[in-house]
Structure formats: structure tokens, C-alpha cells
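What you see is a predicted model; the values in this text were computed from it and never measured. Residue numbering restarts at 1 for every chain, and letters A, B, ... go by the order of the sequence lines. The figures that follow rest on heavy atoms only: side chains count, while hydrogens, waters and symmetry mates do not.
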Amino acid sequence: MCGRYKVTTPPEAMRQLFGTHGVPPNFPPRYNVAPTQDVPVVFVEHEQRVLGLMRWGLVPAGSESDAQGKPRPGRPPLINARSETVSSAGPFRNAYRARRCLVPADGYYEWDKTTTTPHLFRRRSGFPPAPAGDGGEGALFAFAGLWEEWQDLKRPDIAPLRSCTVLTTRPSELVAPLHDRMPVILPPESWAVWLGEAKADHTELQAVLASAGDTGFTDTTVSKHVNAHGNDDPACIEPASDLAPIPPSPRDSGRLL
DNA sequence: CCAGACGTTGTT
DNA sequence: GTCTGG
DNA sequence: CCAGACGTTGTT
DNA sequence: GTCTGG
């Protein structure tokens, strides 16, 4: 499901849309964000909503490191967590209770597995509510995420690593043809509860996860340029062809299957 | 997620 | 095929 | 008690 | 870290 995305919205615009405190970090327009890279994350620290950078791929507390200090040697990075089991799943349980976050994005990619043809999913214009009304084509949205802090016990002199993961759920009608999972996209009215700013019990958090959907999203087949993670430029979102665009489905409800 | 590498001994 | 790297 | 696993996606 | 298995 969600193993590559884009976030080209400037940090100052993210700061405004999420209402975060403090100076936002420098972050260039990213057309091709890949696992293990640092990404912008909205989370609550000292009771304030802040925008910071964290490594994408959650490293559970207590993880081992290799001789080079890399965490979880030989194991895949935890870039996703299943929303259905996240409250009890070992590495995520703690983070689910205390360290929920939002991962800002303005598009994400899914591949047709048989041809490795990439598809770009993003908001289309004319479909409020965006964070501030109709944000237009490619407007910012938020993945539901969790974050964790990991201290390499072999190197107590090195600062702890903050890392994050993106929750997944059943696909919408729009995504189902490509994959049986999709990222959890939270509407603005769910942000405060998910971040823990409004008190919420487990039932309310489940309701927030159930509010996920992709109403107003569109699917564009794009160039294979994006397949190589080293390519990180506007060519990544070039439509693959003018001859076979994916028509928007008027019946698409944005609800999950 | 996809792309790309996938090995050794020894010397610098 | 399988593992690593980004 | 300690040791060991803990996860995802995808593919089969 | 936390949970399970022995």
C-alpha cells in the first residue's frame, strides 16, 4: 500500500494549515518520499501542536542496532501499521496510546503490480472540506500516524531517533482496483482527537479511524520516472499518457469497502 | 514502495 | 530468488 | 524467572 | 518497551 508519497507543500503553508507552534523545519518540495527518509510530522509536545521531521519507518523502543548503528538490521522498516490491530500489536501498542501523529502529504503512489505502473492519488479541486475550504488540486491532507523514540543502547551519546509509521485500512472504491490496503486519511475534524488534544477513549479513537476516507480524491497514471526513488522532481507526477486517463467516477463515495 | 545488488582477501 | 537501501 | 518475539506488504 | 511461551 503506502510505500511512497509526495509532499511539495511549503513548510510555512503546512504550519498554517495545521496550526502548529514554533518555526517549521526546512523541507524541500518532495515528489518522491521513500521509506527511511526524514518526513514532516505533526504531533503534540509539551501540550503544543508542532511540526517536526522524523524518520519514516517506526523503530520500536528496545530495538537492537548493528555495528553501524542501524536499527533492526535485516528487518523491513515499519512504514505501515494495520489500523485494525494497532491498539494491541506489540511494537505499536504504546505509541497508539501516547504518540499519535499526523503525516502531511499532498499525494501518494500505488503501483499496478503486474506492470509496475505507478498511480498518483491526490485531492482534486472543488471538493471541500479541505483544511481551509477547497484547497484545489493537490491540496494538503493528513495520514494518521504513530511515532516512537528509540535510543541506541550501544551509543548512549547519540541523540534518540524519532520515527513514524502510517496507518493502513481497507481500500476505497478508487484504490481497490490496485490494492487491498490504503493509508488512513483523516479529515480535519478528526485531527484534534487523533493528536490527543481532545480527551478520547479507545471507542472514540476507533470512531476517528472509521472517519477515514478519500472523498474528492482522484487517480492519475503517472510516468515510471517515480519508480526510482532517486528521482525526486516534477517529472514524477507527469501523466503517463493523454490517451488513457482514469476517468473520475461520479459514483465514488469515498467510503471504504 | 521499487531498484539494485547479490563476493572475497587484503591493503591503503 | 532474496536482501538492502532509500 | 528469562528468552524471544514483536510488523508490514505481497506473493504463494 | 511489552507480551507470550516455557
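Put simply, CD on A:Q151 is 14 Å from C1' on E:dG1, counting in whole angstrom units. Between A:W147 atom CH2 and D:dG7 atom C1' there is a gap of 20 Å when expressed in whole angstrom units. Rounded to an integer number of Å, the gap from A:H229 NE2 to B:dG4 P is 8 Å. We find that CZ of A:R181 is positioned 12 Å from P of B:dC1, with the value rounded to whole Å. Atom P of nucleotide D:dG7 and atom CZ of A:R75 are separated by 10 Å, given to the nearest angstrom. Taking atom OH of A:Y108 as the reference point, atom P of B:dC2 lies 15 Å away to the nearest angstrom. We find that CZ of A:R170 is positioned 18 Å from C1' of D:dT9, with the value rounded to whole Å. Rounded to an integer number of Å, the gap from CG of A:N231 to P of B:dG4 is 9 Å.
Between B:dG4 and D:dA5, the distance separating the two P atoms is 34 Å to the nearest Å. Comparing the same atom, C1', in B:dG7 and in D:dA3 gives a spacing of 34 Å after rounding to whole Å. The gap from the P atom of C:dG6 to that of D:dT9 amounts to 23 Å, rounded to the nearest Å. Nucleotides C:dG1 and D:dG10 place their C1' atoms 15 Å apart, quoted to the nearest Å.
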Using atom names, set out every protein N or O paired with an N or O of nucleotides 2-6 of chain E below 3.5 Å, distance rounded to 0.1 Å.
residue : atom : partner : partner atom : Å
E:dC3   : OP1  : A:R93   : NE           : 2.9
E:dC3   : OP1  : A:R93   : NH2          : 3.3

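Checking E:dG1, D:dT9, D:dG7 against every side-chain atom of A:A61, the shortest atom distance belongs to E:dG1. In the set D:dT8, D:dG7, B:dC1, the nucleotide with an atom closest to the side chain of A:P76 is D:dG7. Of the candidate nucleotides B:dC2, B:dA3, D:dT9, D:dT9 has the atom lying nearest to any side-chain atom of A:T168. The side chain of A:W111 has B:dC2 as its nearest neighbour among D:dT9, B:dC2, D:dG7.
When heavy atoms are screened at a 4.0 angstrom cut-off, A:R55 is found touching no nucleic acid atom at all. When heavy atoms are screened at a 4.0 angstrom cut-off, A:K70 is found touching the sugar-phosphate backbone but no base atom. A:P35 comes within 4.0 angstrom of a base, heavy atoms only. Residue contacts shown for A:T165 are absent, as no nucleic acid heavy atom lies under 4.0 Å away. In this structure, A:Y5 reaches neither bases nor backbone, as no heavy-atom distance under 4.0 Å exists between it and the strands shown. Nucleic acid contact for A:G74: sugar-phosphate only, since backbone atoms but no base atoms lie under 4.0 Å from a heavy atom of the residue.
Note on A:R181 versus A:E84: salt bridge recorded, some NZ/NE/NH1/NH2 to OD/OE distance being below 4.0 Å. A:D232 has a carboxylate O that lies under 4.0 Å from a charged side-chain N of A:R30, or vice versa, which qualifies the two as a salt bridge. Checked for salt-bridge contact, A:D106 and A:R123 miss the test: no charged N lies under 4.0 Å from a carboxylate O. Electrostatic pairing of A:R124 and A:E137 does not count as a salt bridge here, judged by no charged N lying under 4.0 Å from a carboxylate O.
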- Item | Intermediate values then yes/no, side chain to side chain contact (heavy atoms under 4.5 Å, CB included), A:S172 and A:F217 | CA-CA 10 Å; A:S172 67; A:F217 273 62; over 6 Å; no
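Inter-residue side-chain proximity for A:K6 and A:C236 is flagged as unmet; no heavy-atom pair is nearer than 4.5 Å.
With pairs defined as Watson-Crick or G-U wobble and both atom distances under 3.5 Å, the stems of at least three pairs that touch DNA chain B come out as B:1-6 with C:1-6.
Checked by atom type, the side-chain pair A:H225/A:D233 shows a donor-acceptor distance below 3.5 Å.
When each of A:T115, A:T117, A:T116 is checked for a side chain to side chain donor-acceptor pair (under 3.5 Å) with A:K224, only A:T116 meets the rule. Under the side-chain contact (heavy atoms from CB on, under 4.5 Å) test applied with A:V175, the options A:L257, A:D180, A:D214, A:D219 reduce to a single match, A:D214. Of the options A:E45, A:E149, A:E148, a side chain to side chain donor-acceptor pair (under 3.5 Å) to A:R99 is made by A:E148 and by none of the others.
Close to D:dG10, at under 4.0 Å from its OP1 or OP2, lies a side-chain N or O of A:H179. Side-chain nitrogen and oxygen atoms of A:T116 include none within less than 4.0 Å of the OP1 or OP2 phosphate oxygen of B:dC1.
Counting heavy atoms of neighbouring residues, nucleotides and ligands inside a 6.0 Å radius, atom CG of A:D201 exceeds 12 of them.
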